[in-house]
Amino acid sequence: MINVAINGVCGRMGLRIATLVAEDKDLQLVAALERKGHQCIGKNLSTIISRGHNDITISEELSGSPEVLIDFTSPDSTMNRLKACVDRGVAIVTGTTGLDKKQMGQLKDASQTIPCLFSPNMSVGVNLLFNLAEYVSKILGNETDIEIIESHHRYKKDAPSGTALRLAENICSATDRKMDEVVIYGRKGITDERPQDQICIHSIRSGDIVGEHTVTFCNAGERLELVHKAQTRDSFALGSLRAAKFLAGKPPGYYNMKDALGS
Ligand SMILES: NC(=O)C1=CN([C@@H]2O[C@H](COP(=O)(O)OP(=O)(O)OC[C@H]3O[C@@H](n4cnc5c(N)ncnc54)[C@H](OP(=O)(O)O)[C@@H]3O)[C@@H](O)[C@H]2O)C=CC1
Ligand SMILES: O=C(O)C1=N[C@H](C(=O)O)C[C@H](O)C1
C-alpha cells in the first residue's frame with residue numbers, strides 16, 4: 001500500500017484524483033490539502049466526493065506521512081509544497097503547468113534530494129502524441145509548415161498549454177530548431193509570408209473543453225494532422241496515479257511520464 005497526499009484536492013483534477021484513489025487497492029490517501037483559508041478546510045472529504053476517504057479532513061499542512069504528493073495546482077502552490085516535500089523526504093508527482101524557467105529549475109534542484117516527476121500531460125494518449133509528433137517531424141523535415149492548436153475550458157489560467165509547449169519542444173529538438181527563434185503564439189497584423197521553420201501555437205479557450213491538441217503538418221498539396229482529444233479528466237488522473245506508483249520508493253531524481261509508462 002502506497003500512502004499518497006493530494007495538493008489542490010478540491011480542484012478539477014484534485015477531486016477526480018481523490019475519487020480514483022478511493023477505488024485503487026494499492027493507494028491510501030493520508031492527506032488532502034488546500035490553501036490556508038480555503039472554504040473546504042476542515043471539511044470531511046467524503047462529503048465532497050460522496051464516497052471513500054471517510055477519515056480524511058481537508059487541511060492546510062502536509063501530514064499523515066505520505067510517500068508521494070500528487071499536485072495539480074498553480075506554480076506558486078507547487079513551489080510552496082515542493083519545499084515541504086524536500087524538508088520531509090516526500091516524493092512529488094506534479095502536473096501543474098505554467099512554471100517559469102526559475103521554478104522548473106527549483107523542481108530540478110529538489111530532485112537531487114527527493115524523487116520528482118513532472119509532466120505537462122499525464123494521459124497515455126498524449127505521451128504517445130509527444131512521440132508521434134517527434135517522429136513525423138523528423139520524417140517530414142523542414143519542408144513542412146507546422147502549426148499547433150490547443151483547446152481548453154474557459155477556466156484555464158495559463159496559455160499556451162504545457163502540452164502544446166512540450167509538443168513544440170519535441171518538434172524543435174527533432175528538427176534542430178530553437179524554440180525562442182521559431183515559435184510564435186498566434187498572429188496579428190501584416191505578417192507577410194510565414195518563415196519555413198516557423199511553428200505557431202494557437203490557443204482556444206471555450207466552454208468546458210477538457211483538453212484537445214492538434215499538430216498539423218502542411219506540405220504542398222497535402223496536410224497531415226495528429227489529434228488528441230481528452231474526453232474526461234480521468235485520462236490525466238489515472239496517469240498521475242500510475243506516476244505515483246512508479247515514483248514511490250525510487251531514489252532521488254528527475255523523472256517523467258516516459259519513465260512511468262516504461263516507454
Ligand atoms: N499534467 C496534466 O496531465 C494536467 C495538468 N493540469 C494542470 O493542473 C493545474 C490545475 O488544473 P485544474 O485542476 O483544472 O485547476 P483548478 O483551478 O480546478 O484546481 C487548482 C487547485 O489548486 C488550488 N490552488 C491554486 N492556486 C493555489 C495557490 N496559490 N495556493 C494553494 N492552492 C492553490 C486551487 O484552490 P483554489 O480553489 O483556492 O484556487 C484548486 O484547489 C493547471 O496547471 C493545469 O494546467 C490539468 C490537467 C491535466
Ligand atoms: O488546464 C487543463 O485542463 C490542462 N492542462 C494541461 C496543459 O496545460 O497542457 C494538460 C491538459 O491539456 C489539461
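In listed order, ligands and their atoms are each counted from 1. Nothing fancy with the numbering, it's 1 onward along the sequence.
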Report, in ascending order of atom number, the atoms of ligand 1 lying under 4.0 Å from any heavy atom of [X].
X    : value
G8   : 21 (C), 22 (O), 41 (O)
K156 : 45 (O)
S74  : 25 (C), 26 (N), 27 (C), 28 (C), 29 (N)
G11  : 18 (O), 19 (O), 40 (C), 41 (O)
H38  : 35 (O), 36 (P), 37 (O), 38 (O)
F236 : 3 (O), 47 (C), 48 (C)
M13  : 13 (O), 46 (C), 47 (C)

Look at [atom] and say which protein heavy atom is nearest, naming residue and atom and giving the distance to 0.1 Å.
atom                    : value
atom 34 (C) of ligand 1 : E34 OE1, 4.0 Å
atom 25 (C) of ligand 1 : R35 NH2, 3.6 Å
atom 9 (C) of ligand 1  : T73 O, 3.3 Å
atom 30 (N) of ligand 1 : S77 CB, 3.4 Å

Can you tell me which portion of [X] lies within the under-4.0 Å heavy-atom range of ligand 1? Options are side chain, backbone, both, or neither.
X    : value
P120 : backbone
S123 : neither
R12  : both
K157 : side chain

Within the protein, flag every N or O under 3.5 Å from an N or O of ligand 2, and note the pair and distance.
| unit_1 | atom_1 | unit_2 | atom_2 | d |
| --- | --- | --- | --- | --- |
| ligand 2 | 1 (O) | K156 | NZ | 2.8 |
| ligand 2 | 3 (O) | H153 | NE2 | 3.0 |
| ligand 2 | 5 (N) | K156 | NZ | 3.1 |
| ligand 2 | 8 (O) | T97 | OG1 | 3.4 |
| ligand 2 | 8 (O) | K156 | NZ | 2.8 |
| ligand 2 | 8 (O) | G162 | N | 2.9 |
| ligand 2 | 9 (O) | P120 | O | 3.4 |
| ligand 2 | 9 (O) | G162 | N | 3.2 |
| ligand 2 | 9 (O) | T163 | N | 2.8 |
| ligand 2 | 9 (O) | T163 | OG1 | 2.6 |
| ligand 2 | 12 (O) | H152 | NE2 | 2.6 |

- Item | Distance (rounded to the nearest 0.5 Å) between I70 CD1 and L33 CG | 11.5 Å
Geometric N/O contact [X] with ligand 1, under 3.5 angstrom:
X    : result
T96  : no
V9   : no
T97  : yes
G14  : no
R233 : no

- Task: Give a yes or no answer on whether the side chain of R177 reaches the backbone of D197 with a donor-acceptor pair at less than 3.5 Å.
- Result: yes
Under 3.5 Å, is there a donor-acceptor pair between the [X] and [Y] side chains?
X    : Y    : value
E150 : S203 : yes
H213 : S161 : yes
S74  : D76  : no

- Query: Salt bridge or not for K250 and D259, using N-O below 4.0 Å?
  - Reply: no
- Taking C-beta and beyond as the side chain, do M179 and L165 meet within less than 4.5 Å on heavy atoms? yes
- Evaluate side chain to side chain contact (heavy atoms under 4.5 Å, CB included) for F72 paired with M122, printing each intermediate quantity in order. CA-CA 11 Å; F72 288 78; M122 296 200 185; 3.9 Å; yes
Would you tabulate the side-chain donor-acceptor contacts of residues 84-94 under 3.5 Å, counting partners in other chains and residues two or more places apart, or write 'none'?
| unit_1 | atom_1 | unit_2 | atom_2 | d |
| --- | --- | --- | --- | --- |
| R88 | NH1 | L62 | O | 3.0 |
| T94 | OG1 | D71 | O | 3.4 |
| T94 | OG1 | D71 | OD2 | 2.6 |
| T94 | OG1 | T96 | N | 3.2 |
| T94 | OG1 | T96 | OG1 | 3.4 |

